[in-house]
Structures are given as structure tokens and as C-alpha cells.
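It should be emphasised that the depicted structure is a prediction, and the values quoted were computed from it without experimental measurement.
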Amino acid sequence: MEILYSSTRDSGKKVTASQAILKGLSDDGGLFVPDHIPALELSMRELTGMSYQEIAYEVMRLYLTDFTEDELKNCISRAYDSKFDTKEIAPITEAEGTYYLELFHGSTIAFKDMALSILPHLMITSAKKNHAENEIVILTATSGDTGKAALAGFAGVEGTKIIVFYPKNGVSPIQEKQMVTQKGDNTFVVGIHGNFDDAQNGVKSLFNDPELAGEMAEAGLQFSSANSINIGRLVPQVVYYVYAYVKLLERGKVKDGEMINVVVPTGNFGNILAAFYAKNMGVPIGKLICASNENKVLYDFFVTGRYDRNREFKLTSSPSMDILISSNLERLIYRIAGNDAKKNAELMAALSRTGSYEITEQMRTQLADFYGNYADEQETAKRIKDMYENAGYVLDTHTAVASAVYQKYVADTKDETVTVIASTASPFKFTRNVMNAIDAKYDAMSDFELVDELSGIGKVAVPNAIEEIRMAPIVHDNVCDKTEMKAAVKRFLGLDSQS
């Protein structure tokens, strides 16, 4: 059955999957959502024995219904190849009786690779399908991981340019070095004086700037997005929750149809939303456990029904979660509002105007499958230390937040259901915080000395993504104020000379 997409703020206009991928964000500022969440056509048992690539096809073909079988299989095979350091693509490791779904085996050692390895191929295919003649300009804000994964995906891709904005002092040293050493004439990286929300808001305003759109069209350019607001990012993420259940079933860790819980360290809400979509496709998922760091806007929302970004923004050791406006939550709000675009648009207008909104009691009842909690910096560090000392397994700071929140969930509910924790980044991306959590003596070491030490104590080889930036020269040294983002974009695209 064909699936069409509409905006969360205006359900009147329908577009195909390829059109939604190409556009990224709707003209009204809304996010594209499918007109229904499709049911899996094969059972969990029928999916056993399949490779990651085969399961990806069975899931993604249900959403991307205007792609031919050859087009989609070509995108999948190009994405999930030797860029990943394991044939499994997303292996599952058991530690302390819980299953860690390792989503960091791609070229930039973070879970964003799972979707951003395939997005360039989906986008180029979409451009051809829609006879798009303009060059595509990927415009993205990052809290640390999306930026490098998008840069790696789009660097050198013909017919595209990519611009990444990140908070100058809001990412780890390794994350920053990964981005600023990125090669490719079509890449542009800018640090802004501000936080991730400032970068994200700036990008959204550029998408909705008619004057800029006109200038770009005249120059044969058009914006699209690699952020998780792009449906081409969300659909590939659904795959690994289906895959995780299938692999647990294969191993005999669950019986067919037995429920599992899923824990996701959450910032922009895309990853846990993908788990929600998987659940609604028929994957036996019980609770969706939303783990926040000290920027606990989502925890407060699940507890009170009120979303309120009017609070102090905290820089933490888990920077990819340092977010106060979780963009993908809008897709969930739209759904629990009964797919009422008008109601959703009112709530988003209130968020823009006052910084907060409150959902109805009826909407809150539809959040019963979610559990929210948070871990502070001390709890996160303790979890890293305890896991290393008890199991010899090294967690990154984001996964440690999820693991600590899962402990709170079990203490609160006594629920011992088999649980999968989304392990979203390699500890090598956050070596200083990880090693300091294990022992304060490591703080005297340099960043790359810490990398080698982590490799030794964790008995894991240093990932290629880290080795290749050790001596790499800085290519991008651009910094601007959050109010100067438009000028930076125009300068890179050569539009400033036309003004």
C-alpha cells in the first residue's frame, strides 16, 4: 500500500516519500509524517536468519513506497558495507544481564551513522526520481554526532553541498576535531557562539527564509536537511529495533512474541521515536524508556504533560543530549493529538512564542508506553565506573545515562522484562569524561594518550575514525555569532557577492 507524507502542521498537502526526503522540512515549518505506520509483513520468526541489509529492506520498503526494489536495495548495499567495522552492523553485547545494542560501528563511531550512511543515497535517488535540477545544499545543526556523520556521508557526493553548524564550546574535543578536519570541497563547518538549540533554531529560520530561498533558486540551489527532522533519517533508524528483536529471538534470549523493553538516551527524540514506530509496526516492545541528562526537559514533560524549555541550559559530559527543544517530539505530539495538524500547530506556536505548551489529559493517556527519568553527572560517572569494574565493559557517557536511568526504572517498577539499551556512541568519542569516571588519575593525560589508555583497559582496538584524526590538519576554522549564520551560509554558497 502506498504511503504518502504530510506536515505535522498541515495535513492537507500530501507528498511522496522521495519528495519528503528531498525537502527535509515542510514549508510551514512542520515535520513530514507518514499517513499511517505500516505493519510488518513478515513475522519476527520469518525475519530470523536475515542479514542487517535484508531486514533493512523489509522495513524500509514499507515506508518508501515510491522507491523501486532495485533503487532501495542499491541504497542499502551502498550504505551498510565495509564502512562498518563489523559484518553484523549493529551487534548486541550482554553486560550485567542487559543487552546493549551497539550502534557505533560505522565510520564516525556514533549511532548517527546508522541513518546518515544511507541518507545521501536516498537523497540522490530522490532527486533523480523528481527530476530535481538544483544542487542540493544540506543544512544541519549538530550537538556533536550528526555533524560528522553527515559530513562523512555527503563529502564528495556530486550535486550536493553540506553546511554544518555546531556549538563552539558544546561538543567534545574528539567530536570537534572529527568535524573540523573533514576534507571535501563541498563541505563547510562553522562553530557558533551559542548552544545547540541556538544552532537548531538558526537552521530552521534559514529553511523558512523566503528571501534566501529566492536567491538560492536563482543560483540553482535548494536546501534539504540531514537532521533527524528529515524522514529519511527516521525510517532507517526503525530498522535496528526490528533487527535487535530478531537477533535476541535467534539467540534464544526471548521467546517469539515475548515483550522487550527499550532504553534510549534521548536528545532530539528521533532515536526513541524510531523505537515507537517499530513498536507500532508490530515489534513486541513494552516500555519505551526515555533517558535524559541534566537537561531533563523530556523527563519533566513525561511526568507533568507540560513541555517547558524556559530553564538553564547545562553543558554536560553527554553533549549530544544537551538539548532543550526536542524537534522530533513534534511527530509524537501530532500522533497523540489524533493526527490533528491544527492542534499540533497551536502547541508548536505556543512553544515558539512562550517557550512552553501543555498537552491535554486525553493526550497524556496515550503516553502510557513511555517512562522518563534522568541521570545527573555524578550518577553518569558512577555508572561508567561500576560497569567497567563489574563487567569490564566500557560505556560512553550517553549510554551510561541510559544505563543509570534503566537502574532507576527497575527500582521504581520491579519490572524485570528483557531489556535492550541503545548504545549510541563509542567511548572513544568521549575519552576524557569516560576515563576520568573510571579513575581521576587519567586527567593528566592528553586526549590521544587517553585514547591509547582506553584501548588498553577496554581491550578494544582504537577505531579507525580516531586514528585518522590524530595528525589530520584543521580544514575548517570558521566561527560566527548565532546571529551571523545566514551571512556565513551566503558566503560559502557565493551568494554574498550577488546581494
Side-chain angles (χ1 to χ4, degrees), residues 5 7 13-32 64 66-67 71 74-75 78 116-142 146-147 149-166 179 182-190 192 199-200 202-227 229-233 475-476 478 480 484-499:
Y5 292 79
S7 167
K13 188 181 177 187
K14 307 284 187 186
V15 298
T16 64
S18 63
Q19 289 168 335
I21 288 169
L22 205 52
K23 206 157 178 49
L25 191 67
S26 175
D27 290 334
D28 54 28
L31 279 60
F32 287 111
L64 309 182
D66 65 328
F67 282 68
E71 284 171 340
N74 181 52
C75 290
R78 284 170 174 251
L116 282 163
S117 292
I118 195 169
L119 183 62
H121 304 294
L122 294 175
M123 202 164 275
I124 295 304
T125 305
S126 297
K128 287 176 184 168
K129 293 176 80 65
N130 291 281
H131 310 291
E133 293 177 6
N134 288 344
E135 190 169 21
I136 299 163
V137 179
I138 305 299
L139 182 64
T140 290
T142 184
T146 287
L151 287 161
F154 282 94
V157 173
E158 199 175 331
T160 69
K161 295 183 188 295
I162 177 163
I163 302 169
V164 171
F165 288 100
Y166 72 96
M179 287 188 281
Q182 177 65 53
K183 296 174 185 172
D185 292 341
N186 67 332
T187 65
F188 187 56
V189 180
V190 187
I192 69 156
Q200 183 166 250
V203 162
K204 284 182 177 177
S205 70
L206 290 171
F207 266 103
N208 295 316
D209 185 326
E211 182 191 0
L212 182 58
E215 288 181 53
M216 289 180 65
E218 225 173 276
L221 303 166
Q222 70 183 69
F223 277 142
S224 190
S225 172
N227 274 87
I229 54 176
N230 192 314
I231 197 70
R233 273 280 304 275
V475 178
H476 306 274
N478 310 293
C480 75
E484 299 167 341
M485 291 169 65
K486 181 175 178 178
V489 166
K490 289 179 70 171
R491 188 169 65 252
F492 174 62
L493 297 178
L495 299 177
D496 50 353
S497 58
Q498 298 175 22
S499 302

Task: Heavy-atom side-chain contact between Lys183 and Thr187 under 4.5 Å - done: no
Open item on the list: I need the minimum non-hydrogen distance between Ala127 and Ile136, along with the two atoms involved.
Closed with: CB-CD1, 3.9 Å
- [ ] Spell out, as yes or no, whether a donor-acceptor pair under 3.5 Å connects the side chain of Asn227 to the backbone of Ile229.
- [x] no
Task: Any side-chain heavy-atom pair of Leu31 and Leu25 under 4.5 Å - done: yes
Open item on the list: Can you confirm whether more than 12 heavy atoms, excluding those of Lys13, are under 6.0 Å from its NZ atom?
Closed with: no
Open item on the list: Tell me the closest heavy-atom pair linking Gly30 and Ser7, and the distance in Å.
Closed with: CA-OG, 3.5 Å
TODO: List the steps, then state whether side chain to side chain contact (heavy atoms under 4.5 Å, CB included) holds for Ile21 with Leu64.
DONE: CA-CA 10 Å; Ile21 288 169; Leu64 309 182; 4.1 Å; yes
Task: Shortest non-hydrogen separation from Asn134 to Leu221 and the atoms involved - done: ND2-O, 3.7 Å
Open item on the list: Which heavy atom of Ser224 sits nearest to which heavy atom of Met123, and what is that distance?
Closed with: OG-CE, 3.3 Å
Open item on the list: Using a strict threshold of under 4.0 Å (side-chain N to carboxylate O), is an ion pair present between Glu215 and Lys490?
Closed with: yes
Task: Arg78 (side chain) donor-acceptor with Ile118 (main chain) under 3.5 angstrom - done: no
Open item on the list: Nearest 0.5 Å, please: how far is CG in Leu151 from OG1 in Thr142?
Closed with: 8.5 Å
TODO: Mind running side chain to side chain contact (heavy atoms under 4.5 Å, CB included) on His121 and Val157 for me, showing each step along the way?
DONE: CA-CA 9 Å; His121 304 294; Val157 173; over 6 Å; no
TODO: Measure the spacing between OG of Ser126 and CG of Leu119 and express it to the nearest 0.5 Å.
DONE: 8.5 Å
- [ ] For residues Thr146 and Ala226, report the shortest heavy-atom separation together with the two atoms involved.
- [x] CG2-O, 4.1 Å
Task: Matching residue for Phe165 among Val189, Val190, Asn478 - test: side chain to side chain contact (heavy atoms under 4.5 Å, CB included) - done: Val190
Task: Distance under 6.0 Å and angle within 45° of ring axis: Lys129 vs Phe67 - done: yes
Task: Donor-acceptor under 3.5 Å (His476 side chain, Gln182 main chain) - done: yes
Open item on the list: Nearest 0.5 Å, please: how far is CG in Leu493 from CG in Leu212?
Closed with: 8.0 Å
- [ ] Give a yes or no on whether a salt bridge exists between Lys486 and Glu211, defined as a side-chain N under 4.0 angstrom from a carboxylate O.
- [x] yes
Task: From Phe154 atom CZ to Thr160 atom OG1, the distance as rounded to the nearest 0.5 Å - done: 6.5 Å
Task: Any Thr125 side-chain heavy atom under 4.5 Å of Cys75 side chain - done: yes
Open item on the list: For a quick test of reading the model, state the closest non-hydrogen atom pair linking Ser26 to Asn208 and the distance between them.
Closed with: O-OD1, 4.1 Å
Open item on the list: For the CG atom of Asn230 and the CD1 atom of Ile138, what is their distance to the nearest 0.5 Å?
Closed with: 7.5 Å
TODO: Before giving the answer on ring pair (Phe, Tyr, Trp, His ring centres under 6.0 Å), spell out for Phe32 and Tyr5 the whole-Å C-alpha distance, their side-chain angles and the decisive distance to 0.1 Å.
DONE: CA-CA 6 Å; Phe32 287 111; Tyr5 292 79; 7.5 Å; no
Open item on the list: Can you tell me how far apart CZ (Phe223) and CE (Met216) are? Round to the nearest 0.5 Å.
Closed with: 4.0 Å
Open item on the list: Are Leu22 and Val15 packed together at the side-chain level, in the sense that at least one heavy-atom pair is separated by less than 4.5 angstrom?
Closed with: no
Task: Whether Asn130 side chain and Ala132 backbone form a donor-acceptor pair below 3.5 Å - done: no
